[in-house]
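What follows is a set of notes on a single structure, which appears directly below.
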Amino acid sequence: MADSTARSHLDRPDILAHVIIWIGIAITAFPIWVAFVASTVSNQSIAQAPMPLLPGSLGWQVYSDVLGVGGNNRTVGTPVALMMWNSFVMAMIIAVGKIVISLMSAYAIVFFRVPFRNVLFWMIFVTLMLPVEVRIIPTLKVVTDLGMLNTMAGLTIPLIASATATLLFRQFFLTIPDELVEAAKMDNAGPVKFFFDVVIPLSTTTIAALFVILFIYGWNQYLWPLLITTDQSMTTIVIGITKMIDTSGGPTDWNRVMATAILTLLPPVMVVVLLQKWFVKGLVETEK
Amino acid sequence: MADVSLTNVRKVYAGNVEAVKGVSFDIPDGGFCVLVGPSGCGKSTLLRMVAGLEAITSGECRIGARVVNEVEPADRDIAMVFQNYALYPHMSVYENMAYGLRNRGTPKDEIDRRVKEAAGILAIESFLDRKPRALSGGQRQRVAMGRAIVRKPQVFLFDEPLSNLDAKLRVQMRVEIKKLQRALGVTSIYVTHDQVEAMTLSDKLVVMSNGRVEQMGVPNEVYRKPASKFVATFIGSPPMNIAKGVVRGPGAVAVGDVVLPVSDMAADLKPGDAIEVGLRPEDLIVRGDGSLTMQVDFIEELGATQLFHGTLGGAHLVIQAASGLVPSESKTLNLAIDPAKVHLFDVGTGARRGR
Amino acid sequence: MERKVVFPGMLLPYALLAPQILIILVFFYVPAGQALWMSTLLQDPLGLSVQFVGLENFQTVLSDPAYRQTIARTMFFSVAVTVCAMVPAVLLALMADRVVRGAMPYKTILIIPYAIAPAVAGALWLFLFNPSVGVVSYYMGRLGLDWNPKIDGSHAMWLIIIASAWKQIAYNFVFFLAGLQSIPKSLIEAAQIDGASPRRRFWTIIFPLLSPTTFFLIVVNFVYAFFETFGVIHAATQGGPGKSTEIMIYKVWYDGFIAQDLGRSAAQSVILMAIVVALTVVQFRFVERKVHY
């Protein structure tokens, strides 16, 4: 009998936990689901409150409309496909650029001992403290002075200027055993060879984790692209979507807005879902 | 192949910390030299200076005919086996072994031949494609050795290579290293803190303490005639018993009220001089007619042998004897000793006071 | 922390450092310096002349009742977002940690909002709460709750709080779950053998061991609420109705770009910088962690 009570205690399905998690999932998924439904129905059925909560008859019609044409009022001329491409290029440049630059500088800081090394390290470290948002006006001025308004460079390089990735790589490089460096010295591998043959291969999971986070960071940028891109052909998708919402009281094509919202959130969500393991690792380790 | 010779080698770190205080010795071509000592004695630093991983503050390190003080590690024609193996985790066993050769521009088929040959010697052919993490400790150890062998260096350097293995594997690998070194005939320097490894592997044993060489020589000679109390207690397990004693006259010392005969005694010792007396646990022989009587406190049973803990003339002592010689309830033991096996050490310096 | 073994050479390391140093000099140090400098300048409305006014901009800004209101609003918003994003997250993490089987798909869904842009989160929730077409506001209306964030400032405030918190729960969830999973199971088992009830186990073992994570997340959530929610607000309420959802970062942008009052906007930037630096210092002092996002 003691045996059976012990079993029931340990094997009892944790109903409370499941219920709470399902509530959490419902809250998480509900806005996305409603957006998806709205993207498959006509604006009339959205306006007829309450709007339906199951996908409607338009299917992928609205998607092909926005991808090719864009919004109906103020963003005509900027198809969603182009804005998504802009976002993709921006996110890739930010992610890859930051990773490359940070790998290099972290390698220099960890594997060499040069004069002013600590000063340079602190210079990089301090950039952690101020997000681009707080220095936005003067940064805009610098970018304008350099003639980088409405350019991919102006859009991305200022966002590359921070230390997070450098510090993460530094942390990781410090865990590479000294003996591995010594073994490489014996094996006639100099610093450049060691970097490419040992350090980069060993860093792949760190690189992947950072890539996930930086891609999302880049894709989701809002304030900076809002200032730097006045040219419609440079608009990113996250900016595009808010431009499609009429805030002045006029009619909003909600099915188009929601189709665009779904298209906007799809790439970063796919990255997180498909690379979940690395994402969690990257997120948690950048914090250490 | 080459001999290695160190002349007055010193290492001073920043802050004037002297890790190695002037060490000189020669290892003949094909010799197996073991540096042994407690942690912090400078043995690893010395090895790393030979490897070129630490700069030599002063003195000279020669490999073959060449002074290598200023030579890069990669150009010293040496190979090293690290304590944690330092295998490249992302490379297969094959790539780990081939990496150094590839960096030296060795032709592909030559690399392949050498890796296969080394893998054959070490019996690791079957996992050449595996990554280090898929290997057991003993297998990693073999790969680390393989990486050294393929290079066909003039000198092998071993930095505590067995200390990450469990006891059983350690004994097995110890034998293999010795065999391998004999077969290849490559001059080797081996650092360890394990005196059993030191005794079994070396044909030249260098005992270090505090950055200095305490004694060097053939292992058996170091064991039989330790040059100092430090060496006497460091080499041998269980360690040599040390008891406070007094010189009674030529060829006799007393520990408490027990008088021991001594054959190897410095001539300048006078009756009444305080001295430290060293007795190896296995040198006190249990004999019914032995003249020395030891009070037994307790007995440790080791299977083949027994350890008797007790007192002789008031001094604590451990005696090792074959099992079954005495009933386990014995409270006293009669012991005899060969006068040649009583060691005397200076009370102040710990130096041997023999002839 | 330092490596013992390094490579020799000077040229290579400096060359490797050059790109990053160059970028942060041009796009970080120069702008940050200019923000400081601009915050001491007064530009006339036509932009014809500039004069040095010292700390006057700060005085004007800080004594402006509207700005003080903005600070109070920002504080309320940040605290609300932090609480609303952390409490559900810790609860979900505790439950997910308990559920062994099938936890992976749960986790995947729960972390999705992290990937969603703040502006998109703002748009999604605006749609739900839209007075004319929103599903949620429709059903709230049926329940007799008149909900109109376009007219009522506090409704608008809760809209951006919910949208911002909804997105941030995912982030907190990841950290709480990682924190929970790093607690050795043997500790929990020892407490179990010592007769501690689940509730006691939480308050005496789990909660104290989670406290570094909690503290870290409080700071991160504050920083998030202060800066990254710009997109939520710009998409959902545009700071309105009136100024009722205008938080500090939004005001910096508005005063700088819409109202073109550069000196005062810069002064506000500097105040924000001071707040971030303070938060970061607090973070480093109390949580001995080295890097975060």
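Keep in mind that what you see is a predicted model, and the values were worked out from it rather than measured. So that the names make sense, note that chain A is the first sequence line, chain B the second, and so on, each numbered from 1.
Looking at Phe226(C), neither its backbone nor its side chain comes within 4.5 Å of chain A, counting heavy atoms on both sides. Interface residue Ile24(C): backbone and side-chain heavy atoms are both found under 4.5 Å from chain A. Only the backbone of Ala266(C) comes within less than 4.5 Å of a heavy atom in chain A; its side chain stays farther off. Only the side chain of Leu227(A) comes within contact range of chain C, with at least one heavy atom under 4.5 Å from a heavy atom of that chain. For chain A, the nearby parts of Phe227(C) are the backbone and the side chain; heavy atoms of each come within less than 4.5 Å. Residue Ile109(C) touches chain A through both its backbone and its side chain, counting heavy-atom pairs closer than 4.5 Å. The part of Leu226(A) that comes within reach of chain C is its side chain, from C-beta onward, which places non-hydrogen atoms under 4.5 angstrom from that chain. For Ile249(C), the part sitting under 4.5 Å from any heavy atom of chain A is the side chain, from C-beta outward, and nothing else. For Phe27(C), the parts lying under 4.5 angstrom from a heavy atom of chain A are both the backbone and the side chain. No part of Phe173(C) comes within reach of chain A, as not one of its non-hydrogen atoms sits under 4.5 angstrom from that chain. In this structure, chain A has no heavy atom under 4.5 Å from any part of Val270(C). Only the side chain of Met258(A) comes within contact range of chain C, with heavy atoms under 4.5 Å apart.
Within the model, atoms CD1 of Ile21(C) and CG of Leu120(A) stand 4.5 Å from one another, a figure rounded to the nearest 0.5 Å. To the nearest 0.5 Å, atoms CH2 (Trp166(C)) and CZ (Phe30(A)) are separated by 11.5 Å.
For the pair Thr260(A) and Val120(C), the minimum side-chain heavy-atom distance is 4.5 Å or more. The closest side-chain heavy-atom distance from Met123(A) to Leu25(C) is below 4.5 Å. Within the 4.5 Å cutoff, the side chain of Phe111(A) has no heavy atoms near those of the Val5(C) side chain. Phe7(C) places none of its side-chain heavy atoms less than 4.5 Å from the side chain of Phe195(A).
Using a distance-only test at 3.5 Å, with no hydrogens or angles considered, no donor-acceptor pair links the side chain of Trp219(A) to the main chain of Ile116(C). Formation of a donor-acceptor pair under 3.5 Å by the Asn220(A) side chain with backbone atoms of Ala115(C) is found in this model.
Scanning all heavy atoms of the two residues, the minimum distance from Pro13(C) to Val114(A) falls at CG-CG1, 3.4 Å. The minimum heavy-atom distance linking Leu124(C) with Pro31(A) is given by the pair CD2-O, 4.1 Å.
With sequence neighbours excluded, the residues satisfying side chain to side chain donor-acceptor pair (under 3.5 Å) with Thr230(A) are Asn150(A). With sequence neighbours excluded, the residues forming a side chain to side chain donor-acceptor pair (under 3.5 Å) with Asn255(A) are Asn43(A), listed by chain and number.
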